[in-house]
There are 2 protein chains.
Amino acid sequence: MKKRVKLEDIAKVVGISKMAASLAMRGEGSISEETVRKVKEVASELGYVPNHMAKSLANGKTNTLALLVSAPFHDDYQNQIIHGAVPYAMSRGYTIFVGPMASPSLESSYIEKYKNNMVDGFLAFHSLVSANYRKLKAEGVPFVLYTKYFRDLDCDYVVCDDELGGYMMTKHLLDLGHRRIGFVYGAKLKRSSEVLDRIKGYRRALNERGLDDGERSIVPFHLHYHVKQMNSENILSDNREFVAWLTAADRPTALFVANDITASSVYIALKKLGLRIPEDVSVGGYEGVYLSSVLDPPLTTVETSIQQIGEKACQILIDKIEGKIQESAPVQLRIEPRLLVRESTAPIR
Amino acid sequence: MKKRVKLEDIAKVVGISKMAASLAMRGEGSISEETVRKVKEVASELGYVPNHMAKSLANGKTNTLALLVSAPFHDDYQNQIIHGAVPYAMSRGYTIFVGPMASPSLESSYIEKYKNNMVDGFLAFHSLVSANYRKLKAEGVPFVLYTKYFRDLDCDYVVCDDELGGYMMTKHLLDLGHRRIGFVYGAKLKRSSEVLDRIKGYRRALNERGLDDGERSIVPFHLHYHVKQMNSENILSDNREFVAWLTAADRPTALFVANDITASSVYIALKKLGLRIPEDVSVGGYEGVYLSSVLDPPLTTVETSIQQIGEKACQILIDKIEGKIQESAPVQLRIEPRLLVRESTAPIR
DNA sequence: ACCGGTAAATTTACCGGTAAAGTAAATACG
DNA sequence: CGTATTTACTTTACCGGTAAATTTACCGGT
């Protein structure tokens, strides 16, 4: 195995100092066109590849970001974030570490990596605890949250306009004639900003028609991520509140489920209860992931451009890192969602 | 912002040379217990965090791996690989770059990163071209393939025992009395090792009953990844061969679909054709991703422990990098799958 | 008192870049 | 024509570690 080619080798061939070669390669400083040409020629002849570690060590910048993703995730939400962020980052010369937060402690340990000089900043799908990020902010470490933000911490984020999305879906159901519209959320996501905002939009729409009854029509749902065998009895016994409500005389005629994957579980539960979608109950979802399109019937949902969220978040992060965004006020973006009407919602009978 | 603490700072406090501090921190060389204790104490007091870049530059090892994942992927297959690999890697002191192969050219450009001294090795879900990996092998760069391997390149890999899986599913369908069993694969995956092996198992099972009719019952299926609106007319018009076959007099009574996500599209097509699952056609899938459990009816599938594949592949890669595996013969692992019988397959009527 | 051996460090050099300051020759300016 | 400014580099020092060679001190044995 022949030794790696380094700047010095090029310099020697061209007959200049390694510093001149360095400048020539980067097109900085004042180096004659002639020399630049020669250096680049020799570099490609010798197959020169810059040593990233040396570069990073020298200028204290790694051109690397950490992308913290949620776990477990069984739809393609996080995939799409990755697909939005990574290629964009590449196009700007950055690589991305992906950190699935299999356990809460992992989140902190990823964040520790920053301290090792491994990354220049974070893209984060945060867990409930804001402490980690409060610390990052205090230390001036660049980070951008995606999909959900902290209500008690002012920082950069890119999210879907969930309040609007919540409003749109509820409006859609109201327009179909539904009056008893339930809101169902995955029990574990209880108080995430995205759920809270969707609820806000939901209640605003109800309010406009004087139908808001507070928290009463908002119920949690325990979903089964690891349904390997279809022992779907569990799905009913684990959701007594939900079942009681759906079998009551004044059961809701429509359900707005906080996200598609939860909706997929709700579908199973409704079918178990003998309720047809949409004849007996209309169901609306949120996210617009692939999953929603293969459910039977195809799920009406609020589609958010997930890839765009990933890309935008990445863009903001890099801009901040490179000082292209100066204002001290945080960048807070809300991407407008789109109502995607399919076959799981129908006029009330 | 106060300056980072470095080894020299610790050394100065303890009153030794920075080299001694370095050795003490790593527990190498011969440093007195007393000194080691003191160094570690001071280190934690001062909040010392080693500089990863400096370390890497000095010893030519980055403790970083690249994980190349496929794209687009709309189920949780790649997620599970990530979840298998990343935490395991962390536990051995490695971090992982994730590279979605949004375009074929990206694959090469990720591989180039190795040359920048950015990673010690690769975990790869390869595209069809073996050239890249042939080159890696020639250069002695460690890499482990997962899920699919090259038939024309002898290297390390961890895959599902797809021949066995194919056999198991086909046997299951035969045992249910089916005699005309079609094999359906995603048109784009045509000749990947995993599909070929599943076909091999499928044909072996058929052969045992003298039912193998060669390639005739093996048809491609064009699936719709981006079904945003449910214009599922396309799904039929894009799959004329499939439709013709399923509407013929001697249509298959069972379909073995090469993977769950394709099966989800096949479901839609079958429903469009007015064929009930499993009453009219039994359908079997492969992979056992979450998606398969929320389809209606829940899909009978061949479950492979995807996370385990990710973890194993990572383990082998790290072992190779660290020289814990010496034999020159490649490590080639086949993880045994499990038949997961749900409701999409039933005895022939 | 002399020797080899070893524990506990230290010194030197290097990994492969970059920033900052310095220099020599060419060009511009009043 | 002499000085200021550019242009095109070079030199020096440093980023924060590590490997390898070297030093120092102490030990028991003869």
Side-chain angles (χ1 to χ4, degrees), chain A residues 1-40 42-43 46-64 93 113-118 120 322-323, chain B residues 1-40 42-43 46-64 93 113-118 120:
Chain A
M1 196 168 340
K2 49 189 179 208
K3 264 190 68 183
R4 294 179 56 88
V5 180
K6 46 185 179 174
L7 278 178
E8 214 165 353
D9 302 325
I10 298 177
K12 220 171 285 173
V13 174
V14 179
I16 52 175
S17 71
K18 75 170 183 180
M19 193 63 225
S22 168
L23 292 170
M25 284 305 289
R26 286 177 292 153
E28 282 177 22
S30 54
I31 304 289
S32 73
E33 274 185 36
E34 175 63 9
T35 308
V36 170
R37 203 187 46 66
K38 268 196 268 176
V39 166
K40 293 204 166 161
V42 173
L46 297 174
Y48 169 72
V49 199
N51 183 315
H52 181 255
M53 295 301 153
K55 222 170 193 157
S56 296
L57 178 58
N59 59 22
K61 226 204 129 213
T62 61
N63 273 253
T64 299
K113 301 244 163 216
Y114 178 81
K115 307 244 169 81
N116 291 36
N117 275 359
M118 294 183 72
D120 295 335
E322 297 185 347
Chain B
M1 197 165 342
K2 49 187 178 210
K3 264 190 69 182
R4 294 177 55 87
V5 180
K6 48 184 178 173
L7 278 178
E8 214 165 352
D9 302 326
I10 298 177
K12 218 170 286 174
V13 174
V14 179
I16 53 176
S17 69
K18 76 170 180 177
M19 193 64 227
S22 168
L23 293 170
M25 284 306 288
R26 288 178 290 153
E28 281 176 25
S30 55
I31 303 290
S32 73
E33 274 185 38
E34 175 60 12
T35 310
V36 170
R37 204 188 45 68
K38 266 196 270 177
V39 167
K40 294 203 166 161
V42 173
L46 268 52
Y48 169 73
V49 200
N51 183 317
H52 181 255
M53 297 299 154
K55 223 171 192 154
S56 297
L57 178 58
N59 59 21
K61 226 205 130 212
T62 62
N63 274 255
T64 299
K113 301 246 162 214
Y114 178 82
K115 308 246 169 78
N116 291 37
N117 275 359
M118 293 183 74
D120 295 335

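Letters A, B, ... mirror the listed sequences (proteins, then strands); counts begin at 1.
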Of all the nucleotides listed ([options]), which has the minimum atom distance to the side chain of [X]?
X: B:Met19; options: D:dC9, C:dC15, C:dT11; answer: C:dT11
X: B:Ser32; options: C:dC15, D:dC15, C:dA9; answer: C:dA9
X: A:Thr35; options: D:dG17, C:dC15, D:dC9; answer: D:dC9
X: B:Ala20; options: D:dC9, D:dG16, C:dA9; answer: C:dA9

Does [X] put a side-chain nitrogen or oxygen below 4.0 Å from OP1 or OP2 of [N]?
X: B:Arg4; N: D:dG16; result: no
X: A:Lys55; N: C:dG17; result: no
X: A:Ser30; N: D:dT6; result: no
X: A:Ser56; N: C:dG17; result: no
X: B:Ser22; N: D:dT18; result: yes

Rounded to the nearest Å, what distance is computed from the [atom1] atom of residue [X] to the [atom2] atom of nucleotide [N]?
X: B:Lys61; N: D:dG17; atom1: NZ; atom2: P; value: 17 Å
X: A:Asp9; N: C:dG17; atom1: CG; atom2: C1'; value: 13 Å
X: B:Met53; N: D:dG17; atom1: CE; atom2: P; value: 13 Å
X: A:Asn59; N: D:dA13; atom1: CG; atom2: C1'; value: 16 Å
X: A:Glu28; N: C:dA20; atom1: CD; atom2: P; value: 11 Å
X: A:Ile31; N: D:dT7; atom1: CD1; atom2: P; value: 12 Å
X: B:Ile10; N: D:dG17; atom1: CD1; atom2: C1'; value: 12 Å
X: B:Asn51; N: D:dC14; atom1: CG; atom2: P; value: 17 Å

Problem - C:dA8: pairing nucleotide in any strand, Watson-Crick or G-U under 3.5 angstrom - result: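 D:dT23 is the nucleotide pairing with C:dA8.
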
Practice task
If D:dG29 has a Watson-Crick or G-U wobble mate with both distances under 3.5 Å, name it; if not, just say none.
Solution key: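 Paired with D:dG29, as far as the under-3.5 Å criterion goes, is C:dC2.
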
Exercise for the section: Give, for atom NZ of B:Lys18 and atom CG of B:Leu23, the distance between the pair rounded to the nearest 0.5 Å. Expected result: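 One gets 12.0 Å once the value is rounded to the nearest 0.5 Å.
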
Handout entry: Given A:Ser22, A:Ser17, A:Pro50, the one that forms side-chain contact (heavy atoms from CB on, under 4.5 Å) with A:Leu7
Key =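 Going through A:Ser22, A:Ser17, A:Pro50 one by one, the side-chain contact (heavy atoms from CB on, under 4.5 Å) with A:Leu7 is satisfied by A:Ser22 alone.
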
Exercise for the section: For residues A:Val5 and A:Ile10, report the shortest heavy-atom separation together with the two atoms involved. Expected result: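 Minimum heavy-atom separation between A:Val5 and A:Ile10: CG1-CG1, 4.4 Å.
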
Problem - side-chain contact (heavy atoms from CB on, under 4.5 Å) between A:Met118 and A:Thr64, intermediate numbers included - result: CA-CA 7 Å; A:Met118 294 183 72; A:Thr64 299; over 6 Å; no

Exercise for the section: For A:Glu33 and A:Val36, run side-chain contact (heavy atoms from CB on, under 4.5 Å): C-alpha distance rounded to whole Å, both residues' side-chain angles, the deciding distance at 0.1 Å, then the answer. Expected result: CA-CA 5 Å; A:Glu33 274 185 36; A:Val36 170; 5.6 Å; no

Practice task
Have a look at A:Leu7 and say if it touches a base, only the backbone sugar-phosphate, or nothing, with a 4.0 Å heavy-atom cut-off.
Solution key: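 Counting heavy atoms under 4.0 Å across all strands, the contact made by A:Leu7 is with sugar-phosphate only.
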
Handout entry: A:Leu57 or B:Ala21, whichever maps to the more 5' nucleotide of DNA chain C
Key =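 Whichever sits nearer the 5' end wins; that is B:Ala21.
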
Problem - Donor-acceptor pair (no angle test) under 3.5 Å: B:Lys18 side chain, D:dG17 base - result: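 By the distance-only test, yes, there is a pair.
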
Exercise for the section: Please step through side-chain contact (heavy atoms from CB on, under 4.5 Å) for the pair A:Asn51 and A:Lys6, ending with a clear verdict. Expected result: CA-CA 8 Å; A:Asn51 183 315; A:Lys6 46 185 179 174; over 6 Å; no

